[in-house]
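What follows is a single structure, written as C-alpha cells, with notes after it.
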Amino acid sequence: MGYDVIVVGGGIGGLTVAALLSARGMNTCVLERQSQVGGCIARVEFSGYDFEPGMGLYTSFGPGEIYEKLFSALPVEPPEVSFTTPRVIRLPDGTDVPSHDEQLYSIAGGPATLAERLAESIKRSGGSVRLNSPVLRLAFDESGRAIGVDLLSGERVLAPTIVSNLTIWDTYGKLVGLNRTPPEIKKRLGTLQGRGAYLIYANIEASAVARLPSERMLVKDSAGEFTVAIASGQTAPDGKRAVTFQTETDVESWFTYQSSEEDYEEWDQAALETFWTRLHAALPELGSEVEVIETANPRTFYDLTRRKLGMVLGTGPVEQSRGNATFLPNVFMVGDTVSSHARVDSVIESAIRLADQLTS
Ligand SMILES: Cc1cc2nc3c(=O)[nH]c(=O)nc-3n(C[C@H](O)[C@H](O)[C@H](O)COP(=O)(O)OP(=O)(O)OC[C@H]3O[C@@H](n4cnc5c(N)ncnc54)[C@H](O)[C@@H]3O)c2cc1C
C-alpha cells in the first residue's frame with residue numbers, strides 16, 4: 001500500500017511531523033521499530049516505578065508557546081501539565097543557588113504521555129502508526145530517486161516523501177547508505193561530536209526527597225555535573241518516589257574496550273560505583289534511603305533507539321542549524337540532531353517547521 005508520507009521512527013520528532021501532516025489530510029504512516037512510541041522519552045518502568053526518562057526539564061507549555069501552537073492544530077488534547085519546583089543548582093562547595101531556567105513543567109503521566117497523545121492524533125486523523133516495524137533502508141528506483149522504504153521483514157512501503165526521525169549519522173549511514181552519500185556529507189559526519197548519558201534509576205524514601213532543596217537539581221562537583229529528577233504524578237509504591245540521576249559519559253569506550261559480556265558487566269559496574277559515590281558525596285541528605293533499581297548507558301540507549309553509539313545529547317549548535325533537508329529532494333530529517341537544541345520543545349519546533357514546508 002502507498003502513502004503520501006512515510007516517517008521512519010516514532011520519537012517525538014517523527015510523531016509531531018506525522019500528527020500535523022495527518023491532520024492536514026496527508027496519508028501518513030509512522031514506522032517504529034520498538035513496541036512503544038517515544039524513543040528517548042518512551043516509558044521507563046521497572047519494579048513498579050515509572051521513572052522520569054531524563055532530566056525532567058520541560059518548558060514551553062505556557063500560553064502562546066510551542067505546545068499550544070502544536071495541539072491547537074490537532075484533534076487531541078495536550079497532556080496535563082503543572083508547574084514544577086524551580087531547579088536548584090548545588091555548587092561544589094555545597095551551596096545551593098536558584099537556577100535561572102525558563103518556567104519548568106511536569107507532564108502528568110510523564111513525557112511519554114506526550115508521545116502517546118501524538119500517536120493517538122495520527123490515528124484519529126486517519127494515519128497509521130506501525131510498531132515493531134524496523135526499517136532497513138530507503139528503496140530507490142533506477143534513476144536513484146527514493147520511492148519508499150524496505151522493512152527488515154522484507155516488506156516494501158511506498159511513498160513520494162520520506163521523513164527520517166533517525167539521527168543525522170543513521171539517516172545517512174543506515175537509510176540512505178554511505179555508498180550513496182556524497183563525500184562532503186560523509187566528511188562532515190565524521191567530524192560531528194555526539195555525547196552520551198549515564199543514568200541511575202533509583203527509588204528514594206519520600207522523607208529523603210523532603211530533605212532535598214528541590215525535586216529538580218543540577219549538582220556541580222569536582223568530576224563535572226549531574227542532574228536529579230524526582231518523577232512526579234507517576235506510579236511508585238507507597239512512601240517511595242522514583243528518582244533519575246543523570247550524568248554525561250563519553251560514548252566510544254562503551255563499545256570499544258569490551259570484548260565480552262563479562263567485560264561489559266564490569267565496565268557498567270565500575271561506572272555505577274563511581275557515580276554512586278559522587279551522588280552520596282554531593283548529596284549527603286540522601287543517606288541510605290535511596291536504592292539503585294536500574295542503569296542506562298550508551299549501550300542501552302543504542303538498544304532502545306538504535307542511535308549511533310547511543311549518542312543522545314545532541315550534536316552541538318553548528319550542525320543543528322543546518323535544517324531538515326538532505327541531499328535527496330524528497331527525503332527529510334527531523335529530530336534532535338537537526339534542531340536547535342537536544343530538547344523536546346526544540347525538536348517539536350523544528351518538526352512544525354518541516355510540516356509547514358511539506359504542506360506549503
Ligand atoms: C537521558 C536524556 C535526558 C533528557 N532530558 C531532557 C529533558 O529533561 N528535557 C528535554 O526537553 N529533553 C531532554 N532530553 C532530550 C530529548 O528527550 C530528546 O532530544 C528527544 O526525545 C529526541 O527525539 P527525536 O525525535 O530526535 O529522536 P528519538 O527519541 O531518538 O526517536 C527516534 C525513534 O526512531 C526509532 N528508530 C530508530 N531506528 C529505526 C528504524 N531503523 N526503523 C524504525 N524506527 C527506528 C527509535 O526506536 C526511536 O523511537 C533528554 C534526552 C536524554 C537521552
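One-based numbering along the sequence shown. Counting convention: from 1, in listed order, for ligands and their atoms alike. All values below come from the heavy atoms of this structure, side chains included, with hydrogens, waters and symmetry mates left out.
- With no hydrogens or angles considered, no side-chain donor-acceptor pair links Ser340 and Glu349 at under 3.5 Å.
- Separation of the Tyr58 and Tyr105 ring centroids does not fall under the 6.0 Å cut-off.
- A donor-acceptor pair is defined here as one N or O able to donate and one able to accept, closer than 3.5 Å; no such pair exists between the side chain of Asp150 and the backbone of Ala139.
- Close contacts between ligand 1 and Ile41 involve ligand atoms 17 (O), 21 (O) [criterion: under 4.0 Å to a heavy atom].
- Protein heavy atom nearest atom 26 (O) of ligand 1, with residue, atom name and distance: Asp336 N, 2.8 Å.
- Close approach to Asn165 involves these atoms of ligand 1, each under 4.0 Å from a residue heavy atom: 24 (P), 25 (O), 26 (O), 27 (O), 31 (O), 32 (C), 33 (C).
- By the side chain to side chain contact (heavy atoms under 4.5 Å, CB included) test, Lys220 is found to be paired with Ile89, Leu91, Pro92, Leu218, Glu225, residues two or more places apart in sequence or in another chain being considered.
- Within the model, atoms CD1 of Ile204 and CD of Glu291 stand 11.5 Å from one another, a figure rounded to the nearest 0.5 Å.
- Taking distance alone, with nitrogen or oxygen atoms compared against 3.5 Å, Ala197 stays at or beyond that limit from ligand 1.
- Atom numbering of ligand 1 starts at 1 in the shown order; those under 4.0 Å from a heavy atom of Leu304 are 47 (O).
- When the heavy-atom distances from atom 8 (O) of ligand 1 to Thr244, Leu57, Leu15 are ranked, the shortest goes to Leu57.
- Close approach of ligand 1 to Gly56 (heavy-atom distance below 4.0 Å) involves ligand atoms 8 (O).
- In this structure, atom 21 (O) of ligand 1 lies nearest to the protein heavy atom Cys40 CB, 3.6 Å.
- Using a distance-only test at 3.5 Å, with no hydrogens or angles considered, a donor-acceptor pair links the side chain of Lys174 to the main chain of Arg306.
- Using a 4.5 Å heavy-atom threshold, the side chains of Arg156 and Ile147 count as touching.
- Short contacts between ligand 1 and Gly38, defined as distances under 4.0 Å to a heavy atom of the residue, involve ligand atoms 29 (O).
- Residue contacts with ligand 1 for Leu175 are absent, since no atom lies close enough (heavy atoms, distance under 4.0 Å).
- Of all protein heavy atoms, the one lying nearest to atom 6 (C) of ligand 1 is Met55 CE, 3.9 Å.
- The distance from the CG atom of Leu152 to the CG atom of Leu31 is 12.0 Å, given to the nearest 0.5 Å.
- Counting atoms of ligand 1 from 1 in the listed order, those under 4.0 Å from a heavy atom of Val312 are 53 (C).
- Comparing heavy-atom distances from atom 52 (C) of ligand 1 across Leu313, Asp345, Thr247 singles out Leu313 as nearest.
- Of the protein's heavy atoms, Glu32 OE1, 3.2 Å lies nearest to atom 35 (C) of ligand 1.
- A distance of 8.0 Å separates OG1 in Thr359 from CG in Leu20, rounded to the nearest 0.5 Å.
- Partners of Ser253 under the side chain to side chain donor-acceptor pair (under 3.5 Å) rule, at least two apart in sequence or in another chain, are Asp250.
- At a 3.5 angstrom cut-off on N or O pairs, Gln246 does not count as close to ligand 1.
- Taking distance alone, with nitrogen or oxygen atoms compared against 3.5 Å, Val344 approaches ligand 1 more closely than that limit.
- When only non-hydrogen protein atoms are considered, atom 34 (O) of ligand 1 lies nearest to Gly9 CA, 3.3 Å.
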Ring pair (Phe, Tyr, Trp, His ring centres under 6.0 Å) between Tyr201 and Tyr49, worked out
CA-CA 9 Å; Tyr201 301 113; Tyr49 292 85; over 10 Å; no
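- Of the candidates Ala42, Ser35, Gly54, it is Gly54 that places a heavy atom closest to atom 4 (C) of ligand 1.
- At a cut-off of 3.5 Å, with distance as the only test, a side-chain donor of Gln269 or Glu273 sits close to an acceptor on the other residue.
- For ligand 1, the atoms closer than 4.0 angstrom to any heavy atom of Gly13 are 25 (O).
- Distances shorter than 4.0 angstrom do not occur between any heavy atom of Ala296 and any atom of ligand 1.
- Nearest protein heavy-atom contact of atom 30 (O) of ligand 1 is Arg307 NH1, 2.8 Å.
- Proximity of Leu166 to ligand 1, defined as any heavy-atom pair under 4.0 Å, is confined to the side chain (atoms from C-beta onward).
- Atom numbering of ligand 1 starts at 1 in the shown order; those under 4.0 Å from a heavy atom of Leu31 are 43 (C), 44 (N).
- Not a single heavy atom of Leu136 lies less than 4.0 angstrom from ligand 1.
- For atom 23 (O) of ligand 1, the nearest non-hydrogen atom of the protein is Ile12 CG2, 3.5 Å.
- The pair Arg124-Glu77 fails the salt-bridge criterion, with no side-chain N (NZ, NE, NH1 or NH2) lying under 4.0 Å from an Asp/Glu carboxylate O.
- Nearest to atom 40 (C) of ligand 1 among the protein's heavy atoms is Val135 N, 3.7 Å.
- Between the side chains of Ser164 and Thr171, at least one donor N or O sits under 3.5 Å from an acceptor N or O.
- For the atom pair Glu262 CD and Ser260 OG, the distance stands at 4.5 Å (nearest 0.5 Å).
- At a distance under 4.0 Å, a protein heavy atom can be found next to atom 45 (C) of ligand 1.
- Counting only distance, with no hydrogens or angles, the side chain of Arg241 and the backbone of Ile230 share no donor-acceptor pair below 3.5 Å.
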